Student: 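Mind looking over this structure? Questions follow.
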Amino acid sequence: MTSLFRTGLPAYAMVVGLLFLAGLPVLAVWADNIFLIDLYLRLMILAIAAVSLNLILGYGGMVSFGHAAYLVVGAYAVGIPAYYGIYNGFLQFAIAILASAAIALVTGAIALRTKGVYFIMITMAFAQMVFFTFVSIEEYGGDDGLVIDTRSEFGGLLDINDNFTLYYFVLASLILTLGLVHRIVHSRFGMVISGSKGNDRRMQAIGFPTYRYRLASYVISGAICGYAGALLGNFTNFITPEMGDWVRSGELIFMVVLGGAGSLFGPVLGTAMFVLLEEYLSRITQYWHFPFGAMLILVVIFTRGGINGMFRWLGGRIGLGARS
Amino acid sequence: MSGAFLEVRNLYKNYGGIAATDHVDLDVRESELHAIIGPNGAGKTTLISQLSGEVPPDGGRIRFAGRDITSTPAYRRSLLGLARSFQITSLMLDMTVLENVSLAVQAHAGHSFRFWKAARSESELVEPAMEALRSVGLGERAHDVARAMSHGEHRQLEIAMALATRPTLLLLDEPMAGMGVEESQRMVEILRNLKGEKTMLLIEHDMDAVFTLADRISVLVYGRVIATGTPEEIRNDEAVRQAYLGDEVA
Ligand SMILES: Nc1ncnc2c1ncn2[C@@H]1O[C@H](COP(=O)(O)OP(=O)(O)OP(=O)(O)O)[C@@H](O)[C@H]1O
Ligand SMILES: [Mg+2]
């Protein structure tokens with residue numbers, strides 16, 4: 001736990017942020033603005049996806065341009081069983097995780113044989129294959145998508161048809177995901193992933209079969225993102241293949257980089273800034289894309305290590321600096 | 001089966017029509033320090049890279065500790081006890097000095113599919129790593145980021161990482177390249193301390209270092225071994241003098 005606070009200000013900011021998230025439903029009811037819950041639900045679900053992407057992108061140096069595909073797979077793992085009247089949440093989430101892991105295993109096994117731009121292109125191509133697969137299946141609505149009339153059921157343990165319950169379920173999922181990724185990146189496994197990002201050739205020379213570790217991290221990342229997809233399917237009630245479009249994958253990358261790739265909380269901060277800016281700017285003006293893009297680019301250019309890096313720098317100035 | 005620790009037979013590597021390794025035969029005996037000298041571009045690094053498994057040879061065999069390793073991947077050769085250092089420093093620059101060496105220890109401490117325990121607090125990894133660092137005089141720098149160190153210290157870290165894998169054979173590619181006089185002397189000291197304990201194949205341009213440290217020397221010119229012998233024999237070898245040494249050691 002103490003090691004969590006080693007990063008100084010970003011960790012404190014995150015604690016404040018999580019407390020804010022925990023109190024938000026109360027705030028929303030008090031302000032008579034139930035819409036806030038929907039906004040932050042989406043934010044948190046995308047944050048889980050961004051955290052999963054960060055595991056391979058930030059820590060492992062693998063720029064997957066196809067991560068949104070796992071969101072779609074996860075969403076359809078809820079939608080397709082629901083289409084046949086199967087609402088068992090344990091089953092749906094298990095399918096979401098296992099199907100995503102399986103796809104990550106197969107596509108990763110091929111993509112990880114390549115590097116740099118080729119890796120980016122191949123992950124993108126695989127994601128487009130997933131996208132067009134769902135588009136082509138008429139039975140599940142093709143590109144019109146699929147309505148999920150009933151959310152996942154957890155045998156009376158938890159009723160996520162209630163938006164408040166879903167909200168706290170997602171918040172708990174986000175915290176658990178952060179905890180999981182924190183453990184993984186500091187473990188032996190995580191050290192191999194980071195080392196391989198730093199210098200793969202040297203890692204092999206000192207005795208690591210790096211390929212299999214990188215592949216394993218790719219599978220873990222895909223599985224977590226599939227889980228986020230199952231949450232997203234439940235949240236939106238209406239799923240389309242478009243959720244896995246390459247533009248969405250690009251947005252996930254942007255959230256990670258914006259927040260600070262390779263830092264634990266960065267992706268959450270990046271997702272928050274992305275989602276909130278998009279939301280409020282688009283309300284002010286219909287020409288919001290330009291200021292939106294400009295603001296994001298400024299953050300990326302003028303902060304080293306994204307928002308997380310900015311907090312670290314600030315923390316150093318006010319005596320909440322990083323310790324090593 | 002003759003008993004050289006490392007046996008290279010008829011090794012061949014072609015780069016775009018140029019034989020970088022030209023039918024090389026080489027025997028490195030157990031616990032000797034065997035130096036390879038040769039002019040720039042003679043194929044010394046290419047030879048080491050084939051021995052370490054990074055570059056596949058076009059022909060020939062390599063045997064190490066009685067086992068044919070010609071097509072064994074690099075990581076497995078490391079696990080068999082073969083370690084190399086790089087002529088051009090090759091480190092994980094964004095990690096700390098200690099993390100670099102800890103990883104080398106970790107690679108040889110069973111599989112790394114361990115997802116939970118914090119690796120930095122595992123004394124099983126940190127202690128051997130610190131020991132390797134102290135043995136090359138980098139104990140004080142353990143917690144610095146590798147990028148922040150001097151060139152000479154990077155060279156020392158290269159050696160520490162190789163040592164941390166507990167190798168039986170060390171392949172050292174110009175460990176003193178780009179070092180100042182004082183740093184070179186320290187490196188010679190480090191190698192002298194390892195002598196007898198580890199088998200070493202040393203590539204080095206610093207002739208003083210080579211002739212004081214080596215038990216035997218092989219001379220590589222245009223990818224070919226033109227002579228092998230004791231420092232004394234090499235010094236007096238006519239072909240070597242003509243092809244390479246010139247008046248330098250006369
Ligand atoms: N990857 C490569 N592709 C093409 N040619 C190469 C490659 N690596 C080495 N060569 C060529 O092979 C020959 C031997 O190179 P090598 O680096 O092994 O020499 P060296 O003896 O280590 O030289 P130096 O003393 O400068 O380090 C050179 O002619 C070089 O240009
Ligand atoms: Mg060389």
Side-chain angles (χ1 to χ4, degrees), chain A residues 1-6 55 58-61 113 176-177 179-221 223-224 260-264 304-305 309 322-324, chain B residues 48-49 52-54 73-86 88-96 98-122 124-125 143-147 157-158 161-167 171:
Chain A
M1 199 59 191
T2 49
S3 64
L4 254 181
F5 287 91
R6 224 174 28 199
L55 177 63
Y59 292 100
R113 302 251 173 230
L176 282 176
T177 305
L180 183 70
V181 169
H182 175 71
R183 292 311 290 236
I184 289 178
V185 299
H186 289 95
S187 70
R188 288 192 183 196
F189 179 80
M191 295 303 288
V192 177
I193 300 308
S194 309
S196 179
K197 173 195 178 190
N199 191 340
D200 192 61
R201 174 169 171 236
R202 184 57 187 240
M203 288 293 282
Q204 292 186 32
I206 59 176
F208 285 111
T210 55
Y211 174 78
R212 61 183 77 155
Y213 293 107
R214 284 156 59 82
L215 182 57
S217 72
Y218 192 81
V219 170
I220 294 170
S221 169
I224 297 175
S263 64
L264 183 63
R304 284 183 61 207
R323 287 172 281 132
S324 56
Chain B
I48 289 250
S49 296
S52 72
E54 278 177 76
Y75 80 86
R76 200 169 292 142
R77 294 190 202 192
S78 167
L79 298 177
L80 290 172
L82 207 150
R84 83 171 282 185
S85 77
F86 290 83
I88 296 166
T89 305
S90 179
L91 302 163
M92 279 70 85
L93 286 172
D94 293 322
M95 293 183 146
T96 67
L98 180 59
E99 283 164 359
N100 271 273
V101 186
S102 293
L103 272 170
V105 177
Q106 184 185 322
H108 294 252
H111 68 78
S112 286
F113 286 105
R114 301 184 193 181
F115 300 95
W116 206 245
K117 220 164 116 191
R120 284 184 194 82
S121 56
E122 283 193 70
E124 189 190 331
L125 303 178
H143 296 287
D144 293 334
V145 175
R147 192 183 291 286
L157 179 52
E158 277 280 332
M161 285 176 77
L163 287 177
T165 65
R166 300 192 180 285
L171 309 170

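All of these numbers come straight from a predicted model, not from anything done at the bench. Sequence lines set the chain letters: A, B, ... in the order given, protein chains first and strands last, and positions in each chain run from 1.
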Student: Heavy-atom pairs under 4.5 Å with chain A: which of B:Leu79, B:Thr165, B:Leu103, B:Asn100 has the most?
Tutor: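 Going by pairs under 4.5 Å, I would pick B:Leu103.
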
Student: Flag the pair A:Tyr213 / B:Phe113 as yes when at least one side-chain heavy-atom distance between them is below 4.5 Å, and no otherwise.
Tutor: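 When only atoms from C-beta onward are counted, B:Phe113 and A:Tyr213 do touch, with a gap below 4.5 Å.
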
Student: In terms of heavy-atom pairs under 4.5 Å with chain A, which of B:Lys117, B:Gln106, B:His111 leads?
Tutor: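 With the most close heavy-atom pairs to chain A, the winner is B:Gln106.
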
Student: Would B:Met95 and A:Met191 satisfy side-chain contact (heavy atoms from CB on, under 4.5 Å), going step by step from the backbone distance to the final call?
Tutor: CA-CA 10 Å; B:Met95 293 183 146; A:Met191 295 303 288; 4.1 Å; yes

Student: Pair B:Phe115, A:Val185 - check side-chain contact (heavy atoms from CB on, under 4.5 Å), show working.
Tutor: CA-CA 8 Å; B:Phe115 300 95; A:Val185 299; over 6 Å; no

Student: Give a yes or no on whether the backbone of B:Leu91 and the side-chain of A:Arg202 come within a donor-acceptor separation of less than 3.5 Å.
Tutor: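 Not at all, since once roles are kept as given, no pair shorter than 3.5 Å links the two residues.
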
Student: With a 4.5 angstrom heavy-atom cut-off, could you sort out which part of B:Ala83 is near chain A: side chain, backbone, both or neither?
Tutor: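 Neither part.
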
Student: Picking from A:Ala216, A:Ser196, A:Gly190, A:Gly195, which has the most non-hydrogen pairs under 4.5 angstrom with chain B?
Tutor: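 Looking at each option in turn, the highest pair count goes to A:Gly195.
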
Student: Measure B:Ala109 against the heavy atoms of chain A and call it side chain, backbone, both or neither at under 4.5 Å.
Tutor: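 Its backbone and side chain both get close to chain A.
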
Student: I'd like to know if the side chain of A:Arg188 and the backbone of B:Arg114 have a donor-acceptor N/O pair within less than 3.5 Å.
Tutor: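 No, A:Arg188 side chain to B:Arg114 backbone: no donor-acceptor pair under 3.5 Å.
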
Student: Is it the backbone or the side chain of B:Leu80 that comes under 4.5 Å from a heavy atom of chain A, or both, or neither?
Tutor: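 Interface part for B:Leu80: neither.
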
Student: Does some side-chain heavy atom of B:Met92 sit less than 4.5 Å from a side-chain heavy atom of A:Met203?
Tutor: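 Touching, per the 4.5 Å side-chain cut-off.
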
Student: Looking at B:Ser90, B:Ser121, B:Ala119, which one has more heavy-atom pairs under 4.5 Å with chain A than the rest?
Tutor: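 When all of B:Ser90, B:Ser121, B:Ala119 are compared, B:Ser90 has the most.
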
Student: To the nearest 0.5 Å, what is the distance between OG (B:Ser49) and CZ (A:Arg201)?
Tutor: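 Going from OG on B:Ser49 over to CZ on A:Arg201, the span is 6.5 Å.
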
Student: Let me confirm one number: the CD1-OH distance from A:Ile206 to B:Tyr75, rounded to the nearest 0.5 Å.
Tutor: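 Reported value, rounded in 0.5 Å steps: 14.5 Å.
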
